[in-house]
Amino acid sequence: MVSVAIAAAAGAATGLAMATWVRTGLYRKPGETARLQLVWAWVLVPLVALAWGLLTARSQSGAVLPADLAFAAAGVALGWVDLDVHRVPDRLLLLAIAATALAALTGAAGAGEWSRLWTALLASAALAGLYLVLALLGSMGLGDVKLAGLTGLVLGLHGWSAVMAGTAAAVALAGLVGVALLLRRHSRSDHLAYGPAMIVGAVTALLAGAGR
């Protein structure tokens, strides 16, 4: 329980740093439509703290925990930005990919479980390829493709069952949100920010213990 409390405290500190950056609004482009009030960015603090505490409590392997935590922290920030401007900035996304990949490498090296990395790389490529096809069909953006690669990387560390569970959860969540938007008289052509569904779906699969 001590490790969980420490993880939650570290998560709160990380969330505070992210919230401070988000409140600057530097990710917004001139003339870009913003949908969220920056004052609500402080919600990132308890979200990251909760995610880190729960992931630490549920983790059964030090080989995957560092990447799980890195992904959760990055995912909270990426999800906020996507909800706000319906775009995932390349610079922020590439930083998230680098941090998660480094955490995955560190965890695998520390535990001596290198096979997880190969599965993670294959899952990353597979999920990115799937979303690339969807992007070419016009239902996704290239930012979603890159985010899918990141999601596949962290889920792949837990095995293919986690990849399938996280993907299914993302599709289900996005479908529910889409139906809700239609019920609120939104047009079918209205853009749905798919990034948050992908992130929440992945974290849900991790917390559910998929692939353990």
Going through the checks in order, is the side-chain contact (heavy atoms from CB on, under 4.5 Å) test met by Asp144 and Leu134?
CA-CA 10 Å; Asp144 294 321; Leu134 295 175; over 6 Å; no

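Following chains of ILVMFWY side-chain contacts shorter than 4.5 Å, one cannot reach Leu130 starting from Leu137, and the two form parts of different hydrophobic clusters. Side-chain heavy atoms closer than 4.5 Å link hydrophobic residues (I, L, V, M, F, W, Y) into clusters, and following such links, possibly through other members, connects Val76 to Leu38. In the hydrophobic clustering of ILVMFWY residues, with side-chain heavy atoms under 4.5 Å counting as a link, Leu95 and Val88 come out apart. Trp118 and Ile97 fall into different hydrophobic clusters, where Ile, Leu, Val, Met, Phe, Trp and Tyr are joined by side-chain heavy atoms under 4.5 Å apart, directly or via other members.
For Thr167 (side chain) and Met164 (main-chain N/O), no donor-acceptor pair under 3.5 Å exists by modelled atom type. The backbone N or O of Ala7 sits nowhere less than 3.5 Å from a side-chain atom of Trp52 that would complete a donor-acceptor pair.
Annotation for Leu117 and Ala108: closest pair CG-CB, 3.7 Å, computed over non-hydrogen atoms. Taking both residues in full, the closest heavy atoms of Gly149 and Ser124 are given as O-OG, 2.7 Å, listed atom of the first, atom of the second, then distance.
Taking CG from Leu54 and CG from Leu206, the interatomic distance works out to 11.5 Å, rounded to the nearest 0.5 Å. Interatomic distance, Glu32 CD to Asp84 CG, rounded to the nearest 0.5 Å: 8.0 Å. Rounding to the nearest 0.5 Å places CZ of Arg87 at 11.5 Å from CG of Leu93. Here Leu55 contributes atom CG and Leu50 contributes atom CG; the two are 9.0 Å apart, rounded to the nearest 0.5 Å. Atoms OG1 and CD, from Thr119 and Glu113 in turn, are 11.0 Å apart once rounded to the nearest 0.5 Å.
The neighbour count for Arg91 CZ, taken as heavy atoms of other residues, nucleotides or ligands under 6.0 Å away, does not exceed 12.
Applying the side-chain hydrogen bond (donor to acceptor under 3.5 Å, both in side chains) test to pairs two or more places apart or on separate chains, those with a residue in residues 126-137 are Tyr131-Tyr194.
Residues Leu147 and Thr151 are in side-chain contact: their nearest non-hydrogen atoms beyond the backbone lie under 4.5 Å apart. You'll find the side chain of Phe71 stays beyond 4.5 Å of the side chain of Leu155, heavy atoms only.
In this structure Leu16 satisfies the side chain to side chain contact (heavy atoms under 4.5 Å, CB included) test together with Thr20, Trp42, Val45, sequence neighbours excluded.
Hydrophobic cluster of Leu102: no remaining members, since no ILVMFWY side chain lies below 4.5 Å from it.
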